[in-house]
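This report concerns only the one structure given below.
When reading the values below, keep in mind they use all heavy atoms of this one structure, side chains included, and skip hydrogens, waters and symmetry mates.
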Amino acid sequence: MIKSIKKSVQGFITSLKPTYAVEVDLYHVIPGVPVKSNKERHDFDKGEFQQAKTFFDGAIVKTSDLKLAPAEIKLIKGKKKVLEFKHFGPVNDIRPSKGKRR
């Protein structure tokens, strides 16, 4: 009886925790051609911060080992909040701006 109550309380607490995701953007730059991006998103279940953080750190190590640039890696909490990010190369110069276009 007590175990089932603990299990249901733990399930309720887990349902309140946010989801996490790791987003990897690789930019392909060829002179004279518009910049192309390849976006990969790896989603994790509710409360799996440690698994997402481990994947994020592994992606940073792998990207730096392979010398992939320009690239951008983000650890995201919920749908929008970026907890950590890492840029490889001149990402800010390449990424299209989200301002007004005339």
Side-chain angles (χ1 to χ4, degrees):
M1 177 79 171
I2 301 260
K3 289 183 181 181
S4 65
I5 292 173
K6 284 184 180 180
K7 189 174 184 179
S8 64
V9 168
Q10 187 65 26
F12 176 72
I13 291 172
T14 302
S15 70
L16 297 176
K17 293 182 179 180
T19 59
Y20 294 93
V22 175
E23 195 171 273
V24 180
D25 298 332
L26 296 174
Y27 297 97
H28 305 285
V29 180
I30 301 172
V33 178
V35 175
K36 294 183 181 179
S37 67
N38 183 11
K39 186 179 285 193
E40 293 281 331
R41 183 178 174 101
H42 302 275
D43 294 316
F44 295 89
D45 289 332
K46 292 183 176 232
E48 291 187 352
F49 172 74
Q50 196 59 40
Q51 291 88 342
K53 177 68 173 154
T54 304
F55 187 85
F56 175 76
D57 293 337
I60 289 174
V61 169
K62 191 71 168 177
T63 304
S64 64
D65 287 348
L66 294 176
K67 295 180 176 47
L68 294 174
E72 179 179 29
I73 304 172
K74 296 183 268 188
L75 176 60
I76 301 171
K77 177 181 178 181
K79 292 188 179 185
K80 295 182 181 178
K81 186 175 181 184
V82 177
L83 297 177
E84 294 182 43
F85 66 92
K86 178 74 175 172
H87 291 193
F88 295 92
V91 174
N92 292 331
D93 297 336
I94 295 171
R95 183 178 31 199
S97 63
K98 294 183 180 179
K100 291 183 181 179
R101 293 184 183 182
R102 294 182 183 204

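Taking the salt bridge (Lys or Arg N to Asp or Glu O under 4.0 Å) definition, one finds that E48 meets it with nothing, sequence neighbours left out.
At least one side-chain heavy atom of F49 sits under 4.5 Å from a side-chain heavy atom of L83. Looking only at side-chain heavy atoms (C-beta outward), Y27 and E72 come within less than 4.5 Å of each other. Side-chain atoms of D25 and E23, non-hydrogen and from C-beta on, do get closer than 4.5 Å to each other. Residues F55 and I73 have side chains not in contact (no heavy-atom distance under 4.5 Å, counting atoms from C-beta outward).
When hydrophobic clusters are built by joining Ile, Leu, Val, Met, Phe, Trp and Tyr residues whose side-chain heavy atoms come closer than 4.5 Å, directly or via intermediates, V22 is not grouped with F85. Hydrophobic clustering (side-chain heavy atoms under 4.5 Å, transitive across Ile, Leu, Val, Met, Phe, Trp, Tyr) keeps V24 apart from I76. Residues V82 and Y20 do not share a hydrophobic cluster, clusters being chains of Ile/Leu/Val/Met/Phe/Trp/Tyr side chains in contact below 4.5 Å.
Residue P18 comes nearest to G78 through the heavy atom pair CB-N, 4.4 Å, listed as atom of the first residue, atom of the second, then distance. Of all heavy-atom pairs between A71 and V91, the closest is O-CG2, 3.2 Å. Minimum interatomic distance between R41 and A21 (heavy atoms only, all atoms of both residues): NH2-CB, 3.5 Å. Of all heavy-atom pairs spanning F44 and T19, the tightest one is O-CB, 3.7 Å.
Between the CD atom in Q51 and the CG atom in D45 there is a gap of 9.0 Å [rounded to 0.5 Å].
Evaluation of the salt bridge (charged side-chain N to carboxylate O under 4.0 Å, His left out) test over residues 81-92, restricted to residues two or more places apart or in two chains, returns K53-E84.
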